[in-house]
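Structure, as structure tokens:
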Amino acid sequence: MARHRSMGANGRILVAACGVMGVAALAAVWTAQAGTAEADPGASPAPKPTPIVGQTSKPDPELPAPVVNMDIAHGSDKGAKGVNITIDDGPDPTWTPQVLQVLEANGVKATFCMVGPQAQAHPDLVKDVVADGHRLCDHSMSHDTTMDTKSSAYQSREILDAQRMITKASGGVKPLYYRAPGGAFTPYSRQIAASQGMRPLGWNVDSKDFKQPGVAAMVNTVKNEISNGPTVLFHDAGGDRGQTVEALRQVLPWLKQQGYSFGFPVR
């Protein structure tokens with residue numbers, strides 16, 4: 001899972017320090033999927049490296065106890081041949097309905113990671129997502145990719161205020177996951193989310209749709225990187241998502257042809 005802000009500089013610095021004892025063990029804490037391209041001004045920034053799936057974190061006894069696993073989820077409930085389609089930054093009145101149409105046409109259920117004020121502004125779309133059998137994910141209030149540098153109080157507000165907005169907009173359906181903007185997780189934010197029943201959610205394949213690289217490039221990215229893991233990142237807001245809609249239209253049937261089934265992230 002790479003970071004959407006100027007992705008992966010930390011990982012490369014660690015690897016470059018090859019003369020330092022213990023670098024191999026330290027580097028194992030980060031994923032290998034790093035990129036470096038400039039993002040569009042209105043698009044999601046590049047994700048930070050985050051702990052790999054399977055790294056166990058001890059809950060802080062001073063914080064509310066987790067009720068779901070607080071480690072970052074990447075796996076699929078469909079197992080080794082499962083794929084999790086995740087859609088970030090919406091809902092958006094132009095693009096979310098088109099994404100929903102493509103998903104429905106292909107019989108695919110996805111996880112929508114929503115920004116609190118967007119959900120509040122478009123409750124009808126949140127309800128449409130739920131009615132179609134998709135799952136909700138808390139993607140914070142302000143999509144601040146520097147959340148991991150901010151105070152605990154700030155992180156709590158970003159997560160819990162968004163949770164309340166999404167739940168209200170949905171008509172009472174709570175988000176089941178929390179995805180930090182740009183992968184800016186902290187142990188604190190993961191435990192706060194998990195204490196509210198929201199499993200921290202990562203990704204394995206970044207379609208790079210926030211850069212609008214062209215439909216073919218996005219489709220090829222998914223095809224070439226799906227072996228990295230099941231959770232695929234797309235966006236339905238933050239700019240023109242016409243390429244995303246078309247890429248989904250092409251890549252979902254291809255995944256089926258390869259024997260993949262579509263599921264939800266593990267809880």
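Just the heavy atoms: all of them, side chains too, but no hydrogens, waters or symmetry mates, feed the values below.
A side-chain contact (heavy atoms from CB on, under 4.5 Å) with His134 holds for exactly one of Asp128, Leu103, Thr111, Ile87; it is Leu103. With His235 as the partner, the side-chain hydrogen bond (donor to acceptor under 3.5 Å, both in side chains) test is satisfied by one option alone out of Asp88, Asp92, Thr86, Asp209: Asp209.
In this model, a donor atom of one side chain and an acceptor atom of the other lie less than 3.5 Å apart for Thr186 and Ser189.
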*Could you walk me through whether Asp206 and Thr221 pass the side chain to side chain contact (heavy atoms under 4.5 Å, CB included) test, one step at a time?*
CA-CA 8 Å; Asp206 183 354; Thr221 294; over 6 Å; no
_Using the rule given for side chain to side chain contact (heavy atoms under 4.5 Å, CB included), can you reason through Val245 versus Trp95, listing the C-alpha separation, both sets of side-chain angles and the distance that settles it, and then say yes or no?_
CA-CA 8 Å; Val245 172; Trp95 303 112; 4.2 Å; yes
*Tell me, with the steps shown, if Asp124 and Lys127 meet salt bridge (charged side-chain N to carboxylate O under 4.0 Å, His left out).*
CA-CA 5 Å; Asp124 53 333; Lys127 292 180 176 68; over 6 Å; no
*Evaluation steps, side chain to side chain contact (heavy atoms under 4.5 Å, CB included), between Arg241 and Gln212*: CA-CA 8 Å; Arg241 296 295 167 229; Gln212 300 183 26; 4.1 Å; yes
_Set out, in order, the CA-CA distance, both residues' side-chain angles and the distance that settles side chain to side chain contact (heavy atoms under 4.5 Å, CB included) for Val126 and Leu136, then state yes or no._
CA-CA 8 Å; Val126 183; Leu136 300 176; 4.3 Å; yes
*asked:* Applying salt bridge (charged side-chain N to carboxylate O under 4.0 Å, His left out) to Lys150 and Asp144, what does each step give before you reach the verdict?
replied: CA-CA 10 Å; Lys150 304 294 179 62; Asp144 181 356; 2.7 Å; yes
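Using a 4.5 Å heavy-atom cutoff, the side chains of Asp236 and Phe112 are in contact. Between Asn204 and Pro230, some side-chain heavy-atom pair lies under the 4.5 Å cut-off. Pro66 is listed as a side-chain neighbour of Pro59, based on a closest heavy-atom distance under 4.5 Å. Arg179 places none of its side-chain heavy atoms less than 4.5 Å from the side chain of Pro200. Looking at heavy atoms from C-beta onward, His143 lies in side-chain contact with Asp89 at the 4.5 angstrom threshold. Under the 4.5 Å side-chain criterion, counting only non-hydrogen atoms from C-beta, Leu176 is in contact with Arg267. In this structure, the side chains of Leu63 and Tyr188 come closer than 4.5 Å at one or more pairs of heavy atoms. Contact annotation: the side chain of Asn106 approaches that of Lys256 to within less than 4.5 Å [non-hydrogen atoms, C-beta and beyond].
One finds the CD1 atom of Ile85 at 9.0 Å from the OG atom of Ser207 (value rounded to the nearest 0.5 Å). Here the CE atom belonging to Met70 is positioned 8.5 Å from the CG atom belonging to Asp60, to the nearest 0.5 angstrom. A distance of 12.5 Å separates NZ in Lys109 from CZ in Phe262, rounded to the nearest 0.5 Å. Separation of atoms CZ (Arg157) and CD1 (Ile159) is listed at 11.5 Å; rounding is to 0.5 Å. Here Asn220 contributes atom CG and Lys208 contributes atom NZ; the two are 12.5 Å apart, rounded to the nearest 0.5 Å. The structure places CD of Gln196 at 9.0 Å from OG of Ser156, a figure rounded to the nearest 0.5 Å.
When all heavy atoms of Pro213 and Met218 are compared, the pair lying nearest together is CG-CG, 3.5 Å. The minimum heavy-atom distance linking Pro253 with Arg249 is given by the pair CD-O, 3.2 Å. Pairing each heavy atom of Phe185 with each of Leu201, the nearest pair is CZ-O, 3.4 Å. Here the closest non-hydrogen pair linking Leu125 and Pro91 is CB-CB, 3.8 Å. Scanning all heavy atoms of the two residues, the minimum distance from Thr167 to Pro175 falls at OG1-CD, 3.4 Å. Residue Ser140 comes nearest to Pro181 through the heavy atom pair OG-CG, 3.2 Å, listed as atom of the first residue, atom of the second, then distance.
Enclosure of atom NZ in Lys78 is not indicated, since only 12 or fewer non-hydrogen atoms of other residues, nucleotides or ligands lie within 6.0 angstrom. The 12-atom threshold is exceeded at NZ of Lys81, counting heavy atoms of other residues, nucleotides or ligands nearer than 6.0 Å. The local environment of CD in Glu104 is sparse, with at most 12 non-hydrogen atoms from other residues, nucleotides or ligands closer than 6.0 Å.
Both tests do not hold together for Arg199 against Tyr177: distance to the six-membered ring centre under 6.0 Å, angle to the ring axis within 45°.
Under the 4.5 Å side-chain heavy-atom criterion for grouping Ile, Leu, Val, Met, Phe, Trp and Tyr, Val222 is connected to Val102 within one hydrophobic cluster. Residues Val266 and Val67 do not share a hydrophobic cluster, defined by chaining ILVMFWY side chains whose heavy atoms lie under 4.5 Å apart. Cluster annotation: Ile192 and Met141 are assigned to distinct hydrophobic clusters (Ile/Leu/Val/Met/Phe/Trp/Tyr, side-chain heavy-atom contacts under 4.5 Å, transitive). In terms of hydrophobic clustering, with Ile, Leu, Val, Met, Phe, Trp and Tyr side chains grouped at heavy-atom distances under 4.5 Å, Val108 and Ile226 are assigned to a common cluster. Under a hydrophobic clustering in which Ile, Leu, Val, Met, Phe, Trp and Tyr are joined whenever their side-chain heavy atoms come within less than 4.5 Å, directly or via other members, Met165 and Tyr154 fall into different clusters.
The main-chain N or O of Ser142 is found under 3.5 Å from a side-chain atom of Glu158 such that the two form a donor-acceptor pair. Counting only distance, with no hydrogens or angles, the side chain of Thr96 and the backbone of Pro93 share no donor-acceptor pair below 3.5 Å. Listed for the Lys223 side chain is no donor-acceptor partner under 3.5 Å among the backbone atoms of Val251. At least one donor-acceptor pair under 3.5 Å links the side chain of Gln243 to the backbone N or O of Gly214. With Asn228 contributing its side chain and Val205 its backbone, the two residues share no donor-acceptor pair below 3.5 Å. Checked by atom type and distance alone, the side chain of Asp77 pairs as donor or acceptor with a backbone atom of Phe264 at under 3.5 Å. Between the side chain of Gln118 and the backbone N or O of Met114, no donor-acceptor pair lies under 3.5 Å.
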